[in-house]
Amino acid sequence: MKPRNLYDKLWESHVVRQEEDGTALLYIDRHLVHEVTSPQAFEGLRINGRTPWRQGSVLAVADHNVPTTGREAGIKDPISRLQVETLDSNCEHFGIEEFRMNDLRQGIVHVVGPEQGATLPGMTVVCGDSHTSTHGAFAALAFGIGTSEVEHVLATQCLIARKSKSMRISVEGKLSPGVTAKDVALYIIGKIGTAGGTGYAMEFSGNAIRSLSMEGRMTLCNMAIEAGARAGMVAVDEKTLDYVRGRPFSPKGEMFDAACRYWNTLKSDEGASFDSEVTIDAAEIRPQVTWGTSPEMVVPIDGSVPDPGKVADPVKRQGMEKALEYMGLKPDTKMEDIQVDKVFIGSCTNSRIEDLRAAAAIVRGRHVAGNVKLAMVVPGSGLVKHQAEEEGLDRIFIDAGFEWRDPGCSMCLAMNDDRLRPGERCASTSNRNFEGRQGPGGRTHLVSPELAAAAAVAGHFIDPGKLS
Amino acid sequence: MKAFKQLNGIVVPLDRPNVDTDAIIPKQFLKSIHRSGFGPNLFDEWRYLDHGEPGMDNSKRPLNPEFVLNKKRYQGAEILLGRENFGCGSSREHAPWALEDYGIRAIIAPSFADIFYNNCFKNGLLPIRLDAEIVDRLFRETFESESYRLSVDLEKQLIETPSGEKIAFDVDSFRKHCLVEGLDDIGLTLIHKDEIRAYEKRRESVQPWLFNRNGK
């Protein structure tokens, strides 16, 4: 049999029907739903008199709009409140399991899925959210869809899809101390560009990837979409099985063992081919900071803002000039000389317990700098928050002057009250530095939790190793 | 879904790469639970000088005269000309809803982000990929000639410029079929419901853990 890559295996095992024109009916095992991209899909079901095909495949949670403070009092913004209440009533009406806002299990959908064991190896996982690529860390085929497709999956348990091309990104060698999964992700995006993965499903491999924890792999796969790839994935290994074991939605006992036998086959075969291959030397990767308005506009922490004048391509040069104007930065400024106004530690990229531990280790015994107006930590779920509090991390952050919030998407996209004011500069552990993403006129620099924590206590970007 | 066969429309050039869905429709407008009404807030942060929020009377807001959509010569445009990686970022279908609600029916660019590209077809909006050099030329022609129009024929997969030049484009045959006919693809999929059930049965016998109701 011809050797197959991981994507081939995941794709082929989910094809219900192959059409001659190249499209396929692809079966979806897990459908995650949140409040922003689902109301029109449920409305569509109602209008056409349809019901969900398999309710047990759906798990819903409100995350984008929920407040991160004072939520016992409910949601103040009436439009946000209506959207969350609409999710509640749709789930109730259609018999879908939902973790409501004040449930301890509520959180960001891409943190909740894996945490509950709702994301399992070998599954197809979809959600009306581009960061669904996160779940590929479990050797699942996971990708974001639009609202019409949310309705399509609810109604049919399938999607009409066409197989993507495959790309393998091998990160070989050993990561330097202080280099995180976030830095690997940003480095890859800097290297191949935000459209470098367009049309591809991306597998991350190599010993530097195998050395990452499951949470690190989630961070990496989460950012695959920022490289243009709808799906990112990592093969199953012992770490995958250890993570999944004992989760509330995971199979138990003999069924778990049977599942493991199958899951252990979820890796690219020896000699499998890919449509594109990229190899990266892990030793080249330094901690990364973005300087512009696209995740590909990124440099190492000890680097400087680039000079558009040195770029020949006029479209690219113009894009850089617009970005610098928006960001209020001058060419050749050292990244470490850039001061920040706010610090955000959170989002589906970096809000899991290991992220909070890493940030807390830097913050411990230090204090947020005087020029930093707000430093906030938004855990990815109620369970992450609870775990962090058991470990005393909340005290470390609060004693240092951070705000310790309730879980949600928060200032990653600023749909709730957590946002930047025009001109404010933020060190953020989120995934997008687009114009206005964290609030109109806000200036976002994407970094790892370690670098965000270091920026909070220094008041400017700094390599954590240089903190006194 | 609205069918798309032919179109002859004014072209509006949006000359920047990586136009993301946050720019196309900013997040504050995603709180709506409806599918329509997003047009007045298309490109909100570039289009208006003040900050927009849902519920505002957009006709009273100050327009940014520099933004291309506000220029007199491009009023009534139905074709948007863009650069690389158009529609990158989030999966929000509100982006094509906003474009469609504004009156855009086709977008021409060298490349599109995958999810956005896919979402367009679900909403009667035709995204067309052309070589960067051709797009570059179309930008020049659009800038140079007032009320520049293009004709788009989806059935023939041809664009015609005012000078009579014909440019062929590729489109997935299934998506083309759905767009030309204005088909709802849920209905198409449900034709195969017995096959879906049979697949589930097969799969459940070998991977039963997938069919537990949420671990219970």
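Note: hydrogens, waters and symmetry copies are ignored here, and every other heavy atom, side chains too, is used. In what follows, chains are A, B, ... by sequence order, proteins preceding strands, each numbered from 1.
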message: Please classify the contact between V150(A) and chain B as side chain, backbone, both or neither, with a heavy-atom cut-off of under 4.5 Å.
response: neither

task: Can you see which heavy atom on K5(B) is nearest to which on V180(B), and at what distance?
output: NZ-O, 3.2 Å

message: Between N48(A) and chain B, with a heavy-atom cut-off of 4.5 Å, which part of the residue counts as in contact: side chain, backbone, both or neither?
response: neither

- request: Among R16(B), K27(B), R92(B), E195(B), single out the residue with the greatest number of heavy-atom pairs under 4.5 Å to chain A.
  value: K27(B)

Contact class of E296(A) relative to chain B, heavy atoms under 4.5 angstrom: side chain

field: Contact class of T86(A) relative to chain B, heavy atoms under 4.5 angstrom
entry: side chain

- request: Decide yes or no for W263(A) and F256(A): does some side-chain heavy atom of the first lie under 4.5 Å from some side-chain heavy atom of the second?
  value: yes

- prompt: Are the side chain of E78(B) and the backbone N or O of V11(B) linked by a donor-acceptor pair below 3.5 Å?
  reply: no

message: Is R50(A) in contact with chain B via its backbone, its side chain, both, or neither, using a 4.5 Å heavy-atom distance?
response: side chain

message: Check for me whether the distance between the ring centres of F116(B) and F86(B) falls short of 6.0 Å.
response: yes

query: Looking at residues at least two apart in the chain, or sitting in another chain, which of them share a salt bridge (charged side-chain N to carboxylate O under 4.0 Å, His left out) with E84(B)?
result: none

message: Taking N123(B)'s backbone N and O only, do any of them form a donor-acceptor pair with K2(B)'s side chain (distance below 3.5 Å, no angle check)?
response: no

- prompt: So which part of S148(A) gets closer than 4.5 Å to some heavy atom of chain B, the side chain, the backbone, both or neither?
  reply: both

- request: Name the region of I160(A), side chain, backbone, both or neither, that has any atom closer than 4.5 Å to a heavy atom of chain B.
  value: side chain

Residue part contacting chain B, namely of K316(A), when any heavy atom lies under 4.5 Å: neither

task: Name the region of R35(B), side chain, backbone, both or neither, that has any atom closer than 4.5 Å to a heavy atom of chain A.
output: both

- request: Go through the structure and list residues passing salt bridge (charged side-chain N to carboxylate O under 4.0 Å, His left out) with D313(A), not counting sequence neighbours.
  value: none

message: So for A414(A), is it side chain, backbone, both, or neither that comes closer than 4.5 Å to the heavy atoms of chain B?
response: both

field: SB check D21(A) K176(B) (cutoff 4.0 Å)
entry: no

- request: Considering only heavy atoms and a distance below 4.5 Å, find which of I196(B), D15(B), D184(B) pairs most often with chain A.
  value: I196(B)

query: For Q116(A), is it the side chain, the backbone, both, or neither that has a heavy atom closer than 4.5 Å to a heavy atom of chain B?
result: neither

- prompt: Quick one: what part of N18(B) sits under 4.5 Å from any heavy atom of chain A, side chain, backbone, both or neither?
  reply: side chain

field: Residue A259(A) versus chain B: region with a heavy atom under 4.5 Å
entry: both

- prompt: Should L87(A) and H34(A) count as side-chain neighbours, where that means a heavy-atom distance under 4.5 Å?
  reply: no

message: Is H14(A) close to chain B through its backbone or its side chain, or both, or neither, when contacts mean heavy atoms under 4.5 Å?
response: both

- request: Run the numbers on D20(B) and R437(A) for salt bridge (charged side-chain N to carboxylate O under 4.0 Å, His left out), then give the verdict.
  value: CA-CA 10 Å; D20(B) 59 74; R437(A) 173 79 177 179; over 6 Å; no

